[in-house]
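Because only heavy atoms are used, hydrogens play no part in the values below, and waters and symmetry mates are left out as well, while side chains stay in. The sequence lines fix the lettering, A, B, ..., with proteins before strands; numbering per chain opens at 1. Note that the structure is a prediction, hence the values are computed from the model and not measured.
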Protein chains: 2
Amino acid sequence: MPTHAVNKNGNSKSAVRRHNEEAILKAAESVFAESGFRGATTGQIAERAGIPKPNLHYYYPTKESLYRRVVENIFNVWLQAANSFDDCDDPEEALTRYISTKMDISRSHPNGSKVWANEILHGAPVIQDYLETTLRSWTDGRIAVIEKWIQQGRMRPVNPRYLLYMIWSCTQHYADFNHQIDTLNHSVPLSDEQFAEAKEQVVDIILNGVGVVRSKPAA
Amino acid sequence: MPTHAVNKNGNSKSAVRRHNEEAILKAAESVFAESGFRGATTGQIAERAGIPKPNLHYYYPTKESLYRRVVENIFNVWLQAANSFDDCDDPEEALTRYISTKMDISRSHPNGSKVWANEILHGAPVIQDYLETTLRSWTDGRIAVIEKWIQQGRMRPVNPRYLLYMIWSCTQHYADFNHQIDTLNHSVPLSDEQFAEAKEQVVDIILNGVGVVRSKPAA
DNA sequence: GTCTATATTTCGATAGAC
DNA sequence: GTCTATCGAAATATAGAC
């Protein structure tokens, strides 16, 4: 009788395996964020995960398979944030929640965002298929929602596609460029209060910019 | 009598040297943008520049010295764009010109912008000193200008620092993430017309967002 | 100034004992 | 499942002839 759990596929996954895989993923995310795919070494990742290097190759056969898992993780976090977009039909609430959630993710998952940025920067050699399938269809769906709001006269006529790019760039900037932001903040990370102000202002400028009147304007 | 020019430092710089240095810099910018610092190989750069690998080391002793030159180049391009900010005292014109110029640079120098993004993403290991000196003092100066406009009641009260971050992120996104943008555009680069529309919209949303009335609103 | 050949280092991946 | 020892590939940098 095995002491480990058996998953739905009939494969076994011991607690040790789960723990190690998790530690490796977390270490990989931070090392890939710091050094990029090629700059990261499996030795560094193993060291940060607290295991010998060969064990890393035991759990993830190649460096690329590990990298791909890290990229998929942040992408799925963002996809869930997109629910803010569908859960309600009011542009003010939907946009406010979506932008706020994306800012929160930049605060809580800066490393994942950096790995994604790095991947796109270099032409998406590993996750190009995601861009062409999942991201493309998600984007088209959200564009349709925004176009409906515009037709209803609930916001100014803007190109929804470029509005989405604006939201993505403004929010992810606080993760991807946080080193520059910290340096310009006397080399100290933004406090919770500063970050809250930045978040409020991003929401405020974009909503005002697209002509959505806010019921709870900035103080 | 030498056939080459003599520069102000008394050092000589032949036309051959100038030509090779220029070709290496351009090749390096594109290779570093594609692959990052560590991912780029001096062999690739030399090949793209059309010279043998050892010659590259003759002109630039180390890979890092070459990289630093590339990063300094894009930074100086952006600094010149900042003149748009000082040449006039009207917030509408100054912001419009600054944002437009930054968008144009994203269109004309996507590789330089990517190399910069990559450098910041990884914690600015090479140009940290630039962040702490030139960028910090430039930012403080521009913040003072924006604060003056706010005090004069010519725009809504926003935190100038986070407004600058917004402008930087929205504009540089069209360079750094152009692969993602192209993929979402049916895997075709934005046409001049599409890019012009994106540029107009970035200007429009930000100016409306900060309460600057535009004398030439979008069509 | 140029370029062939090579020294040196580093890292991804694996063999094989436990 | 774990880990020591090591192989083999690749890339930076240089030596030295021209």
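- Nucleotide C:dG12 holds its C1' atom 14 Å from the CD atom of A:Gln44, rounded to whole Å.
- When heavy atoms are screened at a 4.0 angstrom cut-off, A:Tyr60 is found touching no nucleic acid atom at all.
- The aromatic ring centres of A:Trp78 and A:Trp116 sit less than 6.0 Å apart.
- The distance between atom OH of B:Tyr58 and atom P of D:dC18, rounded to the nearest whole Å, is 20 Å.
- Only at 4.0 angstrom or more do the heavy atoms of residues 65-74 of chain B sit from any atom of DNA chain D, so none qualifies.
- Summarising the local packing, CD of A:Glu64 is surrounded by 12 or fewer heavy atoms from other residues, nucleotides or ligands at distances under 6.0 Å.
- At whole-Å resolution of the value, CG in A:Leu56 and P in C:dT14 are 12 Å apart.
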Can B:Tyr67 and B:Glu119 be said to form a side-chain hydrogen bond (donor to acceptor under 3.5 Å, both in side chains), step by step?
-> CA-CA 10 Å; B:Tyr67 176 78; B:Glu119 167 73 5; 2.7 Å; yes
Shorter than 3.5 Å, N or O on both sides, protein versus nucleotides 12-15 of chain D: list them out with atom names.
{"from": "D:dT12", "atom 1": "OP1", "to": "B:Ala40", "atom 2": "O", "distance (Å)": "3.1"}
{"from": "D:dT12", "atom 1": "OP1", "to": "B:Thr42", "atom 2": "N", "distance (Å)": "3.2"}
{"from": "D:dT12", "atom 1": "OP1", "to": "B:Lys63", "atom 2": "NZ", "distance (Å)": "3.4"}
{"from": "D:dT12", "atom 1": "OP2", "to": "B:Thr42", "atom 2": "N", "distance (Å)": "3.1"}
{"from": "D:dT12", "atom 1": "OP2", "to": "B:Thr42", "atom 2": "OG1", "distance (Å)": "2.9"}
{"from": "D:dA13", "atom 1": "OP2", "to": "B:His57", "atom 2": "NE2", "distance (Å)": "3.3"}
{"from": "D:dA13", "atom 1": "OP2", "to": "B:Lys63", "atom 2": "N", "distance (Å)": "3.2"}

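- B:Glu47 places its CD atom 14 Å from the P atom of C:dC3, with the value rounded to the nearest Å.
- Considering only side-chain N and O atoms, A:Asn20 lies nowhere under 4.0 angstrom from the phosphate OP1 or OP2 of D:dG1.
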Could you walk me through whether A:Arg136 and B:Ser187 pass the side-chain hydrogen bond (donor to acceptor under 3.5 Å, both in side chains) check?
-> CA-CA 11 Å; A:Arg136 195 178 276 173; B:Ser187 297; 3.3 Å; yes
Check the pair B:Ser30 / B:Asn111 against side-chain hydrogen bond (donor to acceptor under 3.5 Å, both in side chains), numbers first and verdict last.
-> CA-CA 6 Å; B:Ser30 79; B:Asn111 287 335; 4.9 Å; no
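- Under the side-chain contact (heavy atoms from CB on, under 4.5 Å) criterion, B:Asn185 pairs with B:Val188, B:Leu190, B:Gln194, not counting sequence neighbours.
- Side-chain contact annotation: B:His179 with A:Gln128, donor-acceptor N/O pair under 3.5 Å present.
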Could you walk me through whether A:Arg161 and A:Asp140 pass salt bridge (Lys or Arg N to Asp or Glu O under 4.0 Å), step by step?
-> CA-CA 8 Å; A:Arg161 190 175 293 277; A:Asp140 289 342; 3.6 Å; yes
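- Summarising the geometry, the separation between CG on B:Asn55 and P on C:dC3 is reported as 5 Å, rounded to the nearest angstrom.
- OP1 or OP2 of C:dT2 lies within a sub-4.0 Å distance of a side-chain N or O belonging to B:Tyr59.
- No cation-pi contact links B:Arg107 to B:Tyr174, judged by a cut-off of 6.0 Å to the six-membered ring centre and 45° from its axis.
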